[in-house]
Q: 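Below you'll find the structure I mean.
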Amino acid sequence: MLIAGNWKLFKGPHEARAFAAQIRHLPERVSGVQVVVCPPFVSIEAAVRGLGQGSHVRVFSQNVHWELEGAFTGEVSAPMLIEVGATGAIVGHSERRQYFGETDETVRMRTETALEAGLSVIACVGETEAERKAEETEEVLERQVAAIPRHERLVIAYEPVWAIGTGMSATPEMAQDAHAFIKSLHPTRVLYGGSVKPDNAQVLLAQADVDGALVGGASLDALSFEAICLAAADVRA
Ligand code: PGA
């Protein structure tokens, strides 16, 4: 089971460091659960410092470029992330796809480079509300998953776009169906994302093919993030 907190555009270095210090011992209380936080680029190093030596919480970035260096203003490379202590990256989050022109092809390139550089990857897929209503969910997932390479350090996050930040999570059945479908295409661990909160985490995580969660809003508060990790540990037990 893997629980990853996606901080999005929240928590500068100061806050990241304090938060990390607060949760540094969390993995010891949630056996069988890997705990990951994904701060903004500029807060990665501060989070790593806040965790200090010996913490099992891992720090991932929210994106990574497909080239190692070059004339790519505004981008950050895998070796740079590794240098500041990140061990993985989110790739292809729906907010990147919606607002920043991310495509299946750029997701593929970013993922390949990140994996080659030694990072772990959480590759995100998920349909929009219009696509679900038009009964295109499987077609969309098929296309998005086809662009994601297979690798032991890669997990997929299924995040229906209509469930992200809306407070309206997928039902456990919807999540289970989508996860089973994704695994039929790409055998790997699949995390669920989209309005995961302390009060719905357990029932979502209890689904057979839900292997963890990618948590946005509810990961910003240490108590609520801890509660979700504890729910994951309960499901595992
Ligand atoms: P949310 O975000 O938990 O705030 O819905 C999830 C995500 O975008 O990863």
Side-chain angles (χ1 to χ4, degrees), residues 1-11 15-16 19 23 33-41 43-44 47 57-64 86 88-102 107 110-111 114 120-129 131-132 137 140-141 144-145 148 154-172 174-175 178-179 182 188-205 207 210-232 235:
M1 198 71 91
L2 192 164
I3 304 295
N6 174 12
W7 295 357
K8 309 194 179 184
L9 191 51
F10 293 95
K11 298 192 194 296
E15 221 184 311
F19 186 96
I23 60 158
V33 180
Q34 290 175 281
V35 182
V36 171
V37 291
C38 311
F41 287 131
S43 302
I44 289 174
V57 177
R58 298 169 67 198
V59 181
F60 285 18
S61 63
Q62 298 172 16
N63 195 11
V64 54
I90 298 174
V91 173
H93 189 278
S94 71
E95 285 149 18
R96 302 292 324 165
R97 295 178 189 258
Q98 263 182 298
Y99 309 134
F100 301 101
E102 197 76 65
V107 168
R110 292 183 199 277
T111 302
S120 297
V121 171
I122 299 174
C124 303
V125 299
E127 80 287 358
T128 62
E129 187 174 17
E131 288 162 346
R132 178 163 280 267
T137 298
V140 170
L141 294 178
Q144 293 176 339
V145 169
I148 298 172
L154 177 131
V155 301
I156 291 178
Y158 169 61
E159 299 203 302
V161 178
W162 47 270
I164 296 178
T166 59
M168 190 176 70
S169 74
T171 65
M174 277 179 194
H179 284 223
I182 291 167
T188 185
R189 286 194 290 170
V190 182
L191 315 180
Y192 170 78
S195 298
V196 176
K197 309 284 176 208
D199 62 1
N200 64 11
Q202 187 140 8
V203 57
L204 287 161
L205 292 167
Q207 301 304 305
V210 177
D211 305 307
L214 181 54
V215 186
S219 75
L220 295 172
D221 173 78
L223 287 180
S224 125
F225 186 57
E226 280 175 20
I228 293 169
C229 293
L230 287 164
V235 170

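Order of appearance sets the numbers: ligands from 1, and atoms from 1 within every ligand. Only heavy atoms go into these numbers, but all of them, side chains included; no hydrogens, no water, no symmetry mates.
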Q: Short question: side chain of Arg96, backbone of Val91 - any donor-acceptor pair under 3.5 Å?
A: no
Q: Going by ring-ring contact (aromatic ring centres under 6.0 Å, His included), name the residues that satisfy it together with Phe19, two or more places apart in sequence or in a different chain.
A: Trp7
Q: Under 4.5 Å between any side-chain heavy atoms of Gln202 and Val235, yes or no?
A: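 Yes; the side chains approach each other to less than 4.5 Å.
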Q: Does any part of the side chain of His93, heavy atoms only, come nearer than 4.5 Å to the side chain of Gln62, both counted from C-beta?
A: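 No; the side chains remain at least 4.5 Å from each other.
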Q: Which residues satisfy the side-chain contact (heavy atoms from CB on, under 4.5 Å) test with Ala201, sequence neighbours excluded?
A: Val196, Leu205, Ile228, Ala231
Q: Check side-chain contact (heavy atoms from CB on, under 4.5 Å) between Phe41 and all other residues, then give those that pass, not counting sequence neighbours.
A: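 By the side-chain contact (heavy atoms from CB on, under 4.5 Å) rule, Phe41 matches Ile44, Ser61, Asn63, Val76, Leu81.
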Q: If the criterion is any heavy atom closer than 4.0 Å to an atom of ligand 1, which residues make the list?
A: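 Within the 4.0 Å shell of ligand 1, which is judged on heavy atoms, sit Asn6, Lys8, His93, Glu159, Ala163, Ile164, Gly165, Gly194, Ser195, Leu214, Val215, Gly216, Gly217.
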